[in-house]
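Keep in mind that what you see is a predicted model, and the values were worked out from it rather than measured. Here is how names work: the chains are called A, B, and so on, in the same order as the sequence lines, proteins then strands, and each is numbered from 1.
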Number of protein chains: 2
Amino acid sequence: MANLKQLAQSLGLSITTVSRALDGYADVSASTRERVREAADKVGYRPNASARRLRRQRAELVAVTLPSDPGHIGPPHFLDMLSGCAEHLAAAGLNLVIAPVPRGESELDICRRFVDGRRVDAMLLVRTKRKDERVEFLQSRGIPFVTNGRTESLLPHPYIDGDGFAGFRAATLRFHAAGHRRIGHIAGPQEYYFAHDRCRGWRAAMEECGLATDLCAEGAPLEQGGYLAALELLRQPSRPTALVCATDEMAIGALRALREVDGGNQISIVGHDDLPMGAFTSPPLSTMRMTGENLGASFASLLLRAIAGEPAEELQELHAIEFVDRDSHRRPAKAA
Amino acid sequence: MANLKQLAQSLGLSITTVSRALDGYADVSASTRERVREAADKVGYRPNASARRLRRQRAELVAVTLPSDPGHIGPPHFLDMLSGCAEHLAAAGLNLVIAPVPRGESELDICRRFVDGRRVDAMLLVRTKRKDERVEFLQSRGIPFVTNGRTESLLPHPYIDGDGFAGFRAATLRFHAAGHRRIGHIAGPQEYYFAHDRCRGWRAAMEECGLATDLCAEGAPLEQGGYLAALELLRQPSRPTALVCATDEMAIGALRALREVDGGNQISIVGHDDLPMGAFTSPPLSTMRMTGENLGASFASLLLRAIAGEPAEELQELHAIEFVDRDSHRRPAKAA
DNA sequence: CTTGACTCCCAAAACGTTTTGGAGAATCTT
DNA sequence: AAGATTCTCCAAAACGTTTTGGGAGTCAAG
């Protein structure tokens with residue numbers, strides 16, 4: 001219950017001086033500054049956040065929208081990432097609020113609410129679509145934001161993304177080098193940038209190798225989606241001998257499908273995300289993941305720099321993809 | 001960029017009237033109210049959150065501290081829970097901020113910062129300890145809060161918890177009924193309430209059955225902790241034939257230990273939390289979990305009621321534990 | 001014509017900070 | 001000794017709401 005006013009009164013100083021002393025301004029003498037600081041410490045004074053926010057015209061808040069509908073919120077690392085991001089933002093005086101999207105509302109509605117109510121200084125967007133209305137909205141409003149994943153927006157915007165194209169191209173070429181010729185792709189919904197990007201990587205590799213690109217099935221980015229897509233590919237007259245899956249969850253679903261089909265256990269498979277449970281599937285799932293330490297810190301840094309006004313072009317990070325080799329990609333090329 | 005002032009000016013009304021019209025007070029005529037609402041809609045007016053918070057003396061924020069050190073943040077459901085909680089809080093105009101604990105700071109420091117800076121209206125605490133300084137601090141400050149997990153605090157406080165005692169007692173009795181006599185317990189750090197509670201449940205069952213309670217090993221609530229604890233129990237002259245593990249993560253570590261030891265694959269095991277990856281271990285891990293739909297909504301409801309001033313006694317939820325039977329608890333009682 | 005009740009509206013005072021634009025005293029310059 | 005500069009401090013004005021305590025009108029009852 002400590003006010004600036006009360007603190008000032010108890011010290012026989014003006015509010016102004018106390019405020020400036022605590023903020024370390026040079027126009028208050030060293031001795032008063034010390035006196036004020038001690039008194040503030042003693043009563044445990046902390047400036048009222050709402051008042052400062054109002055005066056400073058800063059919300060001291062960043063929001064991250066949590067998509068609820070399609071399936072999952074993303075890899076389990078996701079919470080770790082948010083936690084790291086929140087920690088680094090906190091060091092700069094910003095807090096991270098999580099904004100799930102209730103049924104019946106769009107992510108755009110949420111953005112609008114946060115932005116128009118001046119509740120946030122910036123936003124963090126995940127699961128970007130190729131054409132993402134949230135991005136367009138925030139750009140039109142001039143609110144700083146960073147996305148996890150690129151978009152096809154005309155204006156550049158800050159993002160962190162994995163190079164899915166290169167990763168999936170490399171994975172496909174690796175299967176080719178191992179002798180595979182019928183390499184299928186289990187794709188995520190193509191409206192998502194990451195799904196499209198990974199699909200393009202597979203397609204590019206197939207074309208480079210002079211192979212047909214018809215072994216592609218799309219599904220929801222969930223186990224069930226991968227399961228159904230795999231069944232579809234296995235029904236083809238000429239089955240794939242290897243599968244490149246857009247996500248680990250889909251790959252795990254595909255593994256289930258392979259178990260149900262004659263000779264399915266001879267088909268190689270690789271996923272993406274490095275889900276912890278991939279180490280426990282049978283066979284253990286080979287996968288890929290984005291490189292980079294402490295992603296949360298990177299997001300926080302980009303957010304802070306975006307708030308500081310740095311141009312978007314300088315706030316884009318494209319990370320390489322690395323393989324996480326376990327067993328599922330090692331099945332012989334001819335057996336299926 | 002829409003102010004109440006600007007909106008009022010454009011309508012030829014006073015700020016007061018516009019504000020009250022939007023809030024639906026009866027002392028503004030129906031026609032003006034409509035007129036005001038239309039104009040507000042048109043310019044997309046949203047009250048400035050900071051200003052309202054200052055005036056109302058409400059932060060419109062709830063913080064949840066994310067423990068970072070011991071191991072994990074909890075089950076993967078955790079993010080879903082937070083998301084559900086945030087969604088229901090949002091319906092009441094509150095946002096949820098996540099507050100990870102940086103290295104070198106205690107959770108208490110974080111609480112203090114949020115509380116003394118009047119940044120939050122309430123707090124959500126997870127991973128309670130038996131004697132939890134955060135709880136004591138918040139109680140002394142009179143800030144509403146809800147914990148995930150009980151404590152041994154003298155004053156009652158709102159919580160949601162699973163009945164670990166009953167669950168672990170039942171699991172142990174079930175092993176006994178299946179013929180097991182040497183039933184071990186892999187315990188979590190006893191400073192945590194949940195770990196102590198579960199240990200007590202196991203111990204109670206053992207005593208009811210007239211069995212010795214020396215087959216107990218404690219470890220960090222992580223895979224590695226379970227692994228080491230299991231090795232310790234397996235070194236005993238008289239090995240356990242069944243293991244009741246405080247968490248699934250520890251159980252998965254214990255499974256690894258069992259694989260490395262002669263005859264270990266004949267020892268039954270059960271965990272707690274229902275981690276998704278438990279379905280993929282070999283054998284698939286039998287486990288337990290707290291009953292209850294949409295936990296996040298329950299937390300949100302308790303938080304709102306705590307803010308509204310309901311007494312703590314009425315804000316305590318103890319949920320039953322249910323078994324999730326897979327294969328790992330079915331090994332024969334005599335074989336080990 | 002007065003009184004009281006009722007309806008619709010508003011000026012002004014908060015809420016607790018930060019920041020602007022000096023004021024007064026002391027010190028330095030010339 | 002006058003002017004310039006520096007050093008400390010402060011009163012007052014924001015920031016944009018919500019809320020308090022009325023103030024005009026209108027109307028019906030006395």
Closest nucleotide of DNA chain C for B:Arg56 versus for B:Thr32: which of these residues is on the 5' side?
-> B:Thr32

Between B:Val18 and A:Tyr45, which is nearer to the 5' end of DNA chain C once each is assigned its nearest nucleotide?
-> B:Val18

Answer with yes or no whether the side chains of A:Thr32 and A:Ser29 bring together a donor and an acceptor at under 3.5 Å.
-> yes

What is the separation between atom [atom1] on [X] and atom [atom2] on [N], rounded to the nearest whole Å?
X: B:Asp116; N: C:dT17; atom1: CG; atom2: P; value: 13 Å
X: A:Asp23; N: C:dT20; atom1: CG; atom2: C1'; value: 15 Å
X: A:Arg119; N: D:dC15; atom1: CZ; atom2: P; value: 21 Å
X: A:Arg35; N: D:dC9; atom1: CZ; atom2: C1'; value: 12 Å
X: B:Asn3; N: D:dA14; atom1: CG; atom2: P; value: 14 Å
X: A:Asn48; N: C:dC15; atom1: CG; atom2: P; value: 11 Å
X: B:Leu22; N: D:dG16; atom1: CG; atom2: P; value: 16 Å
X: A:Gln9; N: D:dC10; atom1: CD; atom2: C1'; value: 15 Å

Which nucleotide, [options], lies nearest any side-chain atom of [X]?
X: B:Val28; options: C:dG16, C:dC9, D:dT17; value: C:dC9
X: A:Leu54; options: C:dA13, C:dG16, C:dT17; value: C:dG16
X: B:Arg20; options: C:dC8, D:dT20, C:dG16; value: D:dT20

Indicate, with a heavy-atom threshold strictly under 4.0 Å, whether [X] touches base, sugar-phosphate, or nothing.
X: B:Leu13; answer: sugar-phosphate
X: B:Thr16; answer: base
X: A:Ser50; answer: nothing

Looking at the base of [N], is there any donor atom on it, or on the side chain of [X], that sits under 3.5 Å from an acceptor on the other one?
X: B:Arg52; N: D:dT17; result: no
X: A:Arg55; N: C:dT17; result: no
X: B:Asp27; N: C:dC8; result: no

With a 4.0 Å cutoff (strictly under), does any side-chain N or O of [X] reach OP1 or OP2 of [N]?
X: B:Tyr25; N: D:dT19; value: yes
X: A:Thr17; N: D:dC10; value: yes
X: B:Gln57; N: D:dT17; value: no
X: A:Ser19; N: C:dT18; value: yes

Would you mind checking if [Y] and [X] are paired as a salt bridge, meaning a charged N to carboxylate O distance below 4.0 Å?
X: A:Arg119; Y: B:Glu60; result: yes
X: B:Lys129; Y: B:Glu152; result: no
X: B:Arg58; Y: B:Asp121; result: no

Closest to the 5' end of DNA chain D, once A:Arg33 and B:Ile15 are matched to their nearest nucleotides, is A:Arg33

Is B:Arg127 positioned over the aromatic face of B:Tyr192, cation under 6.0 angstrom from the ring centre and no more than 45 degrees off axis?
-> yes

Main-chain N/O of B:Tyr25 paired to B:Arg33 side chain as donor or acceptor, under 3.5 Å = yes

